[in-house]
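Worksheet: the structure to be examined is printed underneath.
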Amino acid sequence: MDVRMKIRFIKKADVIIIAVLLLIAAVLLLTKFLNTDNKLTARVIRNGEVVETIDLSQVEKGYTIDLGNAKIMVEKNCISFADADCPDKLCVKCGRLTHAGDTAVCVPTRTVITVSGSKKTVDVISY
Amino acid sequence: MKKSKKSKIIISTVAVIAVIALAVVGFFVYKNKMPYEEKSAIGFTMGSVVTVKSFGNKNADSVEKDVVDALESYGSSLSDKAFDSSCLSSKFNGDSQAFDADEIEAISKAKEIYSKTDGKAALTVGALSSLWNFNSGKNTVPEKEKIEAALKLVDDENIIINSDGISVSGGSILDVGSIGKGFACDRAAKMLDENGIENAVVAVGGSIYAKGHTAPGRTIRVGIRNPFGNENEYLGYIPTDNAFISTSGNYEKVFEKDGKKYHHLLDCTTGYPVEGELVSVTVICDNGAKSDALSTACFVMGYGNEVLKLLKEENAQAVFVFSNMDVITTPGLVNSFHLTDNSFTWTYV
Amino acid sequence: MKKSISKKVAVFGIMGALALSLSFLESLLPALPFLPPGAKPGLANIVTMFAACTLGLPAAIYIAVLKAFFALVTRGVTAFFMSLCGGILSAVAMYILFRFNDKIGLIGISVISALMHNFGQLIVSFFLVGSAAVFGYAPFLIVFGIISGILTGIIFKILLPAVNKIEINTQKGG
């Protein structure tokens, strides 16, 4: 049981692993930030199903969506959890989602709100 | 000694590869995802907001503003020479007027399409639509006698089309409200082509003209409004690089009286708003006025074989949305319609 | 023989209590703005690392399960599953890396196990919530996992001499 003797504090493999992981994180963050534009779409997903699709760039007046166990606040280019029936309220603490790729998740209520950039937005709506 | 040199080589190789990989990824992302620069202008015509957006227009001039101005002045001149029920106040004084070749073609086509609706849609609906007066905000249900009297004046046979103008007999009133916005899109399309704009979106109210791309490999995405949500919510979209799209829906210009809802799409055989399961119809085709006329025709006819036949004859595609949240599309949209709101159920014919 | 078992039970008991009190203390920390809410340094992982390193896989799993039940009692069923999955994945990874590898150092083990914990939680969220959007947190969790992994690794290294003493006692006392 003297494993501790064998394990060195830090070796070159550690540095490589950390460097690679940082690289992956950087690439992921990069793709997120390159998507910044003003045409933001929000999606509200409940139990895996998209229940609302909102073009945030066209929202003039803020309003609230009441899903029963979660309340979502929609504003111009911004969406957030106003409240939810969960013990942690981590979702509310996520704050306001304002960039493409921003996500807020409430696992107990199975609700996700995501914001995506021009990939998913429509350019115009016919009514 | 050798070991530490080896590890240095490994680390620096990894670092170099990482930097090159990042550069390559960055380059590809930039080239493929970066959207074209957008320029836009907004105005107001025919009772609606008009928006013209161009993508990747490198010229310094303001084509978008010019198109908006042109559509505004066109809408104004149109309401001088024809009754437009979509406008708050038409300046039309009742005399038959001269229309240009494009206008005559659009009106003839609409007349032809409406002739297939069993009288449910008509261009001469003017007497009836001015009675209902949806744009005034007065929101009253006209008296039955007045409606019946107006119905007698609704007859597209009274339209006489010449090479240089259109005249209407029998006291009928021509109403261009059902095709005006689509026709404005046609004019906008022509002007954009003349100015060499390759990528653009024009919206006159809910009538759309979409052309080209917003980014490399990404065509214009036209969303279809969710009839049960607000004006920013869409139930799905259709990507296209060249199409005219118009929607007729019973959620627009609607008022409620004594517990009953009255919308602006009138059935010209009854004189009252169309009843049925349809909540909206969106038509996609190669001409603006035609898409506008077809969406009106499809809505008044209701979903069925006749409507599908009409669409096929006119080489148009359509999306039908029902009050039970079913969505049906014509076969041509199988590969292009994308449903984004799963509270709707989508089937195609 | 008996003495060794009872000493083992005592050690397990103390470790469990230590892990839980560290978890509790961490839960009092406020959520910092640039971090995903709920992200904590994972100081209790030091205990798990000690268990995986010296007492074997069952001990490490025991700590993970204990932490999960603590989450169940304080934060609910969802927290239970997330903690359980992340904790077990992390404990198994630690055990494998301590036992069967000589290429990766302590810091590397600590970082990998922190990331495995986060990954386990993400997987559970994905299944519960039904949307791949949860993986949007990934970059932040990776960076934070690396930082907390390095932190717990350093603390573990500092505590190593003291920890050695405990083990020697249980062995010799048996």
How far apart are the C-alpha atoms of Glu252(B) and Tyr127(A), what are their side-chain angles, what is the distance that settles it, and do they pass the side chain to side chain contact (heavy atoms under 4.5 Å, CB included) test? CA-CA 8 Å; Glu252(B) 256 194 294; Tyr127(A) 60 90; 3.5 Å; yes
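Neither the backbone nor the side chain of Ser295(B) has a heavy atom closer than 4.5 Å to any heavy atom of chain A. With a 4.5 Å cut-off on non-hydrogen atoms, Val222(B) touches chain A through its backbone and its side chain both. Using a 4.5 Å cut-off between heavy atoms, Asn226(B) makes no contact with chain A at all. Contact of Glu231(B) with chain A is made through the backbone alone, with heavy-atom distances under 4.5 Å. Heavy atoms of Tyr251(B) lying under 4.5 Å from chain A belong exclusively to its side chain. For Val51(A), the part lying near chain B is the backbone, with the side chain staying farther off; criterion is any non-hydrogen pair under 4.5 Å. Only the backbone of Thr219(B) comes within contact range of chain A, with at least one heavy atom under 4.5 Å from a heavy atom of that chain.
Counted within 6.0 Å of CG on Asn324(B), heavy atoms from surrounding residues, nucleotides or ligands total more than 12; the atom is thus considered enclosed. Within 6.0 Å of NZ in Lys261(B) there are 12 or fewer heavy atoms belonging to other residues, nucleotides or ligands.
Taking Ala104(A) as the reference, Phe81(A), Cys94(A), Leu97(A), Ile113(A) meet the side-chain contact (heavy atoms from CB on, under 4.5 Å) condition, with sequence neighbours excluded. The side-chain contact (heavy atoms from CB on, under 4.5 Å) search around Lys211(B) returns Asp193(B), Tyr209(B), not counting sequence neighbours.
When every heavy atom of Ile208(B) is checked against every heavy atom of Ile125(A), the shortest pair comes out as CD1-O, 3.9 Å.
One finds a salt bridge joining Arg218(B) and Asp123(A) here, because a Lys/Arg side-chain nitrogen approaches an Asp/Glu carboxylate oxygen to under 4.0 Å.
Side-chain contact, Ser126(A) with Thr282(B): no donor N or O sits under 3.5 Å from an acceptor N or O.
Counting heavy-atom pairs closer than 4.5 Å to chain B, the top residue among Leu23(A), Ile54(A), Thr53(A) is Thr53(A).
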